[in-house]
Amino acid sequence: MSEISMRHLEEKDKKYVWHPFTQMMDWEEEEIVIIKEADGVYIKDINGKTYIDGVSSLWTNVHGHRKQKIDEAIKNQIDQISHSTFLGLSNVPAILLAEKLVQITPPGLDKVFFSDSGSEAVEVALKVAYQYWCQKENPEPQRTKFVHLKHSYHGDTLGSVSVGGIDLFHKIYKPFLFETISVPSPYCYRCPFSQTKEQCSRECFGEFARVIRQHNKEIAAVVVEPLMQGAAGMINQPKGYLSAVSDLAKNEGIVLIFDEVATGFGRSGKMFAAEWEDIKPDIMALGKGITGGYLPLSATLFTKDIFNAFLGDYSDFKSFFHGHTYTGNQLAAQAALTNIEIFEDEKVLETLSPKIELLAKRLESFYELEHVGDIRQVGFMVGIELVRNGNTKEPYEAGDKIGIKVIMEARRRGVIIRPLGDVIVIMPPLSIDQSQLNTLLDVIYDSIKLVTSNA
Ligand SMILES: *Cc1c(COP(=O)(O)O)cnc(C)c1O
């Protein structure tokens with residue numbers, strides 16, 4: 001591309017485009033990166049500069065960019081058909097994908113509902129959970145409340161925002177949100193009960209259990225991001241936490257929803273986070289990595305028991321009256337199917353495990369840096385919380401823009417990452433090799449060191 005047209009692209013972006021989760025006033029001042037192509041873990045901008053894709057293009061990419069098998073599968077699908085409606089019609093890749101998803105997810109999840117984004121997958125989970133209580137045998141329509149963790153993030157549509165717990169994103173919409181019950185999350189570095197890891201007697205879970213027992217008859221479902229609350233700043237849960245939540249929900253007869261939009265498809269080191277403690281949720285939401293990072297698609301899986309509550313005569317109107325124009329899109333379904341086949345064919349999880357160990361080992365050295373407060377890792381998901389004072393855990397001011405400065409420094413050095421406030425996120429494609437992973441970590445280490453010693 002010529003020099004002149006590249007400059008024009010930047011001007012046109014600033015003139016016409018509104019970017020998500022972005023302060024557009026800053027954006028207009030910034031030198032922006034416009035991506036043009038990619039190969040494996042590298043993405044390349046219109047000036048020909050290459051970067052390691054350190055957050056997998058927002059946690060989606062799995063086997064690298066331009067993975068030949070997925071490219072070809074999509075091209076072949078295009079030669080057949082790109083889209084036909086899933087309302088009243090079916091299609092080949094979506095059927096095969098549904099079967100595959102049922103096979104690879106925890107036992108008991110037997111029915112698949114497709115949508116286009118993680119937010120919608122959660123929205124579907126919430127709507128179905130409530131409608132289930134209304135339509136089951138011995139209905140309990142008074143169960144209108146959802147329980148969720150503080151700091152949770154389940155998406156940006158109003159239903160998924162209602163069960164969200166990040167004030168910065170969610171507070172302003174309060175007048176439009178339904179009422180929920182929020183319980184403390186196990187943010188151990190900043191324990192809401194001022195405990196240390198050594199003394200922890202799981203007060204946060206105690207509060208969770210107390211609330212559920214007190215409100216049981218009003219509660220439709222509990223929704224959690226298993227193992228790691230992602231967008232909150234990578235807040236990982238202590239071992240045993242999920243089993244405790246699951247046992248509680250099962251004992252109290254409340255629907256358990258796992259939002260595995262971020263943790264699914266190998267991110268945690270197993271295919272799904274639920275597998276670590278052998279949990280069988282009643283509903284599971286999937287997105288992000290489901291197509292290997294290629295196309296927008298999400299899915300919500302349900303038990304037969306929940307599904308059966310929607311069966312009845314046409315005139316009973318028990319159907320799930322919900323769906324999107326592009327539900328079950330063939331290209332996306334074909335990409336997802338091929339993504340899952342690659343996991344099996346290339347033994348992706350086996351080759352991932354030494355890389356997870358390498359990552360853990362390398363991360364230990366980050367504690368040498370004075371302003372690294374906490375490092376949280378679950379598989380190939382990492383958050384490094386930067387603090388002004390490591391002893392008191394005093395955070396930086398928002399105006400310090402410390403996270404943004406670190407990622408800008410990393411960008412100069414050929415790495416694309418995106419922070420969550422003062423938490424530096426590391427989430428490379430699962431296909432990254434050890435030497436690329438070392439380079440990625442070197443750059444992030446040096447960028448944190450440089451920026452925090454000058455701040
Ligand atoms: C990203 C995310 C969502 C929302 O997915 P979108 O595709 O952005 O709508 C929901 N839940 C979790 C846990 C996520 O990380």
Side-chain angles (χ1 to χ4, degrees), residues 19-22 55-62 105 113-127 129 146-166 168-170 173 177 180 185-187 221-237 242 245 256-268 272-274 279 281 283-301 322 324 326-327 329 332 335-336 339 376 378-383 417-421 423 425-427:
H19 287 268
F21 282 93
T22 301
V55 286
S56 300
S57 295
L58 214 70
W59 317 357
T60 61
N61 197 281
V62 179
T105 48
F113 193 95
F114 291 115
S115 312
D116 313 329
S117 69
S119 306
E120 291 162 307
V122 170
E123 202 80 23
V124 165
L126 301 174
K127 287 175 79 175
F146 290 91
V147 177
H148 64 90
L149 295 180
K150 283 226 168 64
H151 312 297
S152 54
Y153 178 80
H154 297 289
D156 297 333
T157 56
L158 286 176
S160 52
V161 166
S162 293
V163 292
I166 303 179
L168 176 67
F169 303 162
H170 301 147
Y173 305 111
L177 306 181
T180 59
S185 92
Y187 186 178
V222 174
V223 53
V224 285
E225 295 161 78
L227 292 187
M228 186 75 122
Q229 291 187 277
M234 299 294 159
I235 301 174
N236 58 330
Q237 296 153 4
L242 279 182
V245 170
L256 179 64
I257 303 173
F258 268 14
D259 176 354
E260 292 231 24
V261 170
T263 50
F265 298 94
R267 265 299 143 195
S268 73
F272 300 103
I279 295 178
I283 301 180
M284 192 161 169
L286 301 174
K288 291 204 167 96
I290 190 171
T291 60
Y294 268 70
L295 286 160
L297 179 82
S298 63
T300 317
L301 282 87
H322 177 116
H324 299 280
Y326 282 98
T327 294
N329 173 266
N339 169 43
R376 300 183 283 267
V378 168
F380 244 32
M381 302 174 87
V382 174
I417 44 176
R418 191 179 159 83
L420 292 160
V423 176
V425 175
I426 310 176
M427 212 145 142

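Each ligand, and each atom within it, is numbered from 1 in the order the structure gives.
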Under 4.0 Å from one or more heavy atoms of Gly118, ligand 1 contributes atoms 4 (C), 5 (O), 6 (P), 7 (O), 9 (O)
Which of the atoms of ligand 1 are close to Ser119, meaning less than 4.0 Å from one of its heavy atoms?
4 (C), 5 (O), 6 (P), 9 (O)
Atoms of ligand 1 close to Ser117 [distance to a heavy atom under 4.0 angstrom, numbered from 1]:
7 (O), 9 (O)
So if I count the atoms of ligand 1 from 1 in the order they appear, which ones are less than 4.0 Å from some heavy atom of Ala262?
15 (O)
Nearest neighbour in protein (non-hydrogen) for atom 12 (C) of ligand 1:
Asp259 OD2, 3.4 Å
Looking at Arg376 and Ile235, what are the two nearest heavy atoms and their distance?
NE-CA, 4.0 Å
Are the side chain of Thr291 and the backbone N or O of Tyr294 linked by a donor-acceptor pair below 3.5 Å?
yes
Region of Glu225 that comes within reach of ligand 1 [heavy atoms, distance under 4.0 Å]
side chain
Shortest protein heavy-atom distance from atom 1 (C) of ligand 1, along with the residue and atom involved
Lys288 NZ, 1.5 Å
Taking every heavy atom of Leu242 against every heavy atom of Pro226, the minimum-distance pair comes out as CD1-CB, 3.6 Å
Would you indicate whether the side-chain heavy atoms of Phe258 and Ile283 approach each other to under 4.5 Å?
no
With heavy-atom distances below 4.5 Å as the criterion, would you say the side chains of Gln229 and Gln237 are in contact?
yes
Tested for side chain to side chain contact (heavy atoms under 4.5 Å, CB included) against His154, the lone hit among Val261, Ile257, Val122 is Val122
Which is it for Tyr153 and ligand 1 at heavy atoms under 4.0 Å: side chain, backbone, both or neither?
both
Only heavy atoms count here, so choose which of Thr157, Val261, Ile290, Leu297 is nearest to atom 3 (C) of ligand 1.
Val261
Counting C-beta onward and ignoring hydrogens, is there a side-chain heavy-atom pair between Ser268 and Met381 closer than 4.5 Å?
no
